[in-house]
Asks: 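I have a structure I would like to understand better, so I am pasting it below and will then ask my questions one at a time.
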Number of protein chains: 4
Amino acid sequence: MTPGAERETTLRADAARNRARVLQVAREQLAAGDDSLMLNTIARLAGVGVGTVYRHFPNRHALLEALLAERFQQFVDEAQVAAADEDARAGLHRLLRFALEHALNDAGFAAVLGSASDADARTSAMKAELDRAVAELLDRARDAGVVRHDVEADDIRRLLCGVEHAIRSGDDDARHARLYLDVLLEGLRPPPR
Amino acid sequence: MTPGAERETTLRADAARNRARVLQVAREQLAAGDDSLMLNTIARLAGVGVGTVYRHFPNRHALLEALLAERFQQFVDEAQVAAADEDARAGLHRLLRFALEHALNDAGFAAVLGSASDADARTSAMKAELDRAVAELLDRARDAGVVRHDVEADDIRRLLCGVEHAIRSGDDDARHARLYLDVLLEGLRPPPR
Amino acid sequence: MTPGAERETTLRADAARNRARVLQVAREQLAAGDDSLMLNTIARLAGVGVGTVYRHFPNRHALLEALLAERFQQFVDEAQVAAADEDARAGLHRLLRFALEHALNDAGFAAVLGSASDADARTSAMKAELDRAVAELLDRARDAGVVRHDVEADDIRRLLCGVEHAIRSGDDDARHARLYLDVLLEGLRPPPR
Amino acid sequence: MTPGAERETTLRADAARNRARVLQVAREQLAAGDDSLMLNTIARLAGVGVGTVYRHFPNRHALLEALLAERFQQFVDEAQVAAADEDARAGLHRLLRFALEHALNDAGFAAVLGSASDADARTSAMKAELDRAVAELLDRARDAGVVRHDVEADDIRRLLCGVEHAIRSGDDDARHARLYLDVLLEGLRPPPR
DNA sequence: AATGAATGAGTCTTCATTCAT
DNA sequence: AATGAATGAAGACTCATTCAT
């Protein structure tokens, strides 16, 4: 029984259920475009008392962090796999498409991805892990001459958030998503001459 | 007697001065990064009563619209000049750099630029005017083979907002601004093959 | 028109009325033994909105201060007159009876009188003024040999609060008040031999 | 089988230990000047669940009563000894000094001593016992002409609380304690004619 | 008997908007 | 036309008490 995992494990069955419900409702609220995350409302929707929400998440931010930690780690794992692709350019492509999908599905995810400073050290750690994977991929891509020299992992993250933003602003159908991502990918090539 | 025109015409000198002050303060607030736009605060800073603010702008949104209308028209004018450039690609370049500067200086400007629906018909009209100019430029650029065929004026607007977003997320120094805009410009070229 | 008085004067008629109502209700609450001073409740009882209460008194403490300032100054004025009595012992007697009446009528008054540290400088100033008057009286009384040498103005204040406390604890009829005050006055005489 | 007795008797060893811990923590809290007595906090500090606290003490008041009962009985015992002093005035002196020490050490103690009505019959019984001892002492002192005729046991209790209050309001060093108690003792002598 | 998660009424505080002056 | 006091709905958070485990 890992000590870290234990915290989750020893949670009483009903407490765990409530915690999950709250996270679930919060996620739905965000997905529905309501980023106010009112703890009272969430409590009502989750069918628990306000106090229960506050017990699990002392403030709005803690809730957001929890929401993100879940998704982000999951994503970082996938990202690392994608980053190992033999073909660096293809790997980058896959990685970005990957991240974009996540960002489009989860507004909170995009928010973290694109913020300069993190409130929680765990978030920063995960972001660093992600940047490390991207940096490796970029290095290989640069060596292969398929990516311009003046962009770094950090820039990739920010540009991706920009694309996500562009897609969200207006009809965010698949065609636009594909087009905007493609523009980014083409723009990342070393400029002619 | 056009009602719209009358409002502007009959404005007493002091009323006009108050209106200008309110807009000025609101602009400063936004520039200072405070996008809450509390009308009470603005009134205090402008040295007028809240009631006065409400007389001129029935609600927060009206204030935002007014703020934008001012800037936007000014921008559209400049844009039309830029769009007339002989060299279509150079014109596009200038136009985007132009817009980007505005967007970085004025968060509200970027918000309008990137929103799918407008609250005020005048805004839509100006946006249409802008898109018309960009569309012409794009047509010429496409004919010259320097821009991919699958992007429209609307996409340009959205992508630009994306770039603005990327620049704002983190250190928004000149280097990043130039780099991200360049990535966009390169990405807009017709893809190889 | 004195500047100090003006603040009160320029208060709009209705604002002044509301402020007075709030103070009135707060005073009644305290008198009724409820020292929780819930601003919402006070607002309701005063027939004004919560916001109005908050406009006049940003927090509970400000309300208390206002409540006290009113009474205290009024009392200090009277005290100074009483302190000027030719017969020092009689003056002290009158002064204490005087203060006791106030303290019994207004719990807040007693609270300030008996607290070692004040939150508001004005309160400290008034207290100092009071102590000055008492000190003069004590000096004369000591010279006349009718008060023990080891008590100071500060002690008088504290002992009086003690008496007030004793009177409140139980039936606080006039007999008890007279008796306890008399015990104090006798106790203040120089001890035999 | 007396229900009251049973409760004490059948208390399991661990239950008794928990009860004692809770009382201990509550006492410490009060001593530390925190008279909010939050049962959740006490439970945490005592290392038991809230439920356990509630099992032993159905509400905050019951806890207070229990806290006091302990001390009070202990005090009454000592008081009865002190009251048996040959020299009535000396006995009174010792008794009051005695009570004062207790009251200064234990704010709850003073609260009970000075309250007109008790929540628990046991408290009233103990208070009656105390008053009986004091009354005897007073009778003897009056007969000896060393205490005024118009004070009763009840008054002694209340005046003592007054002194305690005075001592607490400000620097409560030994000098002040001695002085204020002395003022009371002198004040209790029969007034000169 | 013990635990501590859950509850939700209760309180504080802010701020967009109205309206008497 | 201007003022700013008043309003009160809305949101954040606490804590005494209950009850399933």
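A, B, ... follow the sequence lines: proteins, then strands. Residue 1 opens every chain.
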Asks: Could you tell me whether the side chain of B/V22 reaches within less than 4.5 Å of the side chain of B/T52, counting heavy atoms only?
Replies: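 Result no, sub-4.5 Å side-chain heavy-atom pair not found.
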Asks: Can a side chain N or O of D/T52 be found less than 4.0 Å away from OP1 or OP2 on E/dT3?
Replies: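 Checking E/dT3 against D/T52, a side-chain N or O does come within under 4.0 Å of OP1 or OP2.
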Asks: Students often get this wrong, so: under 4.0 angstrom with heavy atoms, is C/N18 touching a base, only sugar-phosphate, or nothing?
Replies: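 Sugar-phosphate only.
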Asks: Should E/dA2 form a Watson-Crick or G-U wobble pair with both distances under 3.5 Å, which nucleotide is its partner?
Replies: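 Pair assignment: E/dA2 / F/dT21.
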Asks: Among F/dG4, E/dG4, F/dA1, which nucleotide has an atom closest to any side-chain atom of A/R55?
Replies: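 Of the candidates, E/dG4 comes closest.
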Asks: Send over the distance from D/H61 NE2 to F/dT17 C1', rounded to a whole Å.
Replies: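 The answer, rounded to whole Å, is 17 Å.
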Asks: May I have the distance from C/L39 (atom CG) to E/dT14 (atom P), rounded to whole angstrom?
Replies: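 Atom CG in C/L39 sits about 11 Å away from atom P in E/dT14.
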Asks: Output one line per pair: protein atom, nucleotide atom from nucleotides 19-21 of chain E, and distance, for all N/O pairs under 3.5 Å.
Replies:
none

Asks: For C/S36, is there any backbone N or O sitting under 3.5 Å from a side-chain donor or acceptor partner on C/R60?
Replies: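 Looks like yes, one N/O pair under 3.5 Å.
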Asks: Kindly assign one of parallel, tilted or perpendicular to the pair D/H165 and C/H165, based on the angle between their ring planes and the thresholds 30° and 60°.
Replies: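 Aromatic pair D/H165/C/H165 classed parallel.
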Asks: Ignoring backbone atoms, establish whether A/H56 has a side-chain N or O less than 4.0 Å from OP1 or OP2 of E/dA5.
Replies: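 So the side-chain polar atoms of A/H56 never come under 4.0 Å of the phosphate oxygens OP1 or OP2 of E/dA5.
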Asks: When the nearest nucleotide of DNA chain F is assigned to D/N40 and to B/V48 on a heavy-atom basis, which residue is associated with the more 5' position?
Replies: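 Nearest nucleotide further toward 5': that of B/V48.
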Asks: Between B/P58 and C/N59, just flag the one whose closest nucleotide in DNA chain E comes earlier from the 5' side.
Replies: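 On the 5' side of the pair lies C/N59.
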Asks: With both distances kept under 3.5 Å, what pairs with E/dA9, Watson-Crick or G-U wobble?
Replies: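 WC or wobble partner is F/dT14.
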Asks: Using heavy atoms to find the nearest nucleotide of DNA chain F for D/L37 and A/S36 separately, return the residue whose nucleotide is more 5′.
Replies: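 Result: A/S36.
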Asks: Does some side-chain heavy atom of A/L30 sit less than 4.5 Å from a side-chain heavy atom of A/L64?
Replies: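 Of all side-chain heavy-atom pairs linking A/L30 with A/L64, at least one is under 4.5 Å.
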Asks: Return the minimal non-hydrogen interatomic distance between D/N105 and D/R168, and the atom names on each side.
Replies: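 Looking at all heavy atoms of both residues, the shortest contact is N-NH2, 4.5 Å.
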Asks: Would you kindly give the CG-to-C1' distance between D/L63 and F/dA16, to the nearest whole Å?
Replies: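 Interatomic distance, CG of D/L63 to C1' of F/dA16: 13 Å.
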Asks: For A/R19 and E/dG4, what is the distance between atoms CZ and C1' respectively, to the nearest whole Å?
Replies: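 Rounding to the nearest Å, CZ of A/R19 and C1' of E/dG4 are 17 Å apart.
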Asks: With a 4.5 Å limit on heavy-atom distance, are the side chains of C/R19 and C/F57 in contact?
Replies: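 Yes, their side chains come closer than 4.5 Å.
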Asks: Both distances below 3.5 Å, Watson-Crick or wobble geometry, any strand: find the nucleotide opposite F/dT7.
Replies: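 F/dT7 is paired with E/dA16.
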Asks: Rounding to a whole Å, what distance do you find between D/D35:CG and F/dC15:P?
Replies: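 Rounded to whole Å, this separation is 13 Å.
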Asks: Could you check if a side-chain atom of B/L45 sits within less than 4.5 angstrom of a side-chain atom of B/Q29, using non-hydrogen atoms only?
Replies: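 The answer is yes; the side chains approach within 4.5 Å.
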Asks: How long is the line joining CE of B/M38 and C1' of E/dT13, in whole Å?
Replies: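 Computing the B/M38:CE to E/dT13:C1' distance gives 13 Å.
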Asks: Would you kindly give the CZ-to-P distance between D/R60 and F/dT17, to the nearest whole Å?
Replies: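 To the nearest whole Å, that distance equals 7 Å.
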Asks: Quick one: do the C/E70 and C/Q74 side chains pair a donor with an acceptor below 3.5 Å?
Replies: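 No, no side-chain donor-acceptor pair sits under 3.5 Å.
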Asks: What is the distance, rounded to the nearest whole Å, between atom CZ of B/F57 and atom C1' of E/dA16?
Replies: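 Distance, rounded to whole Å: 16 Å.
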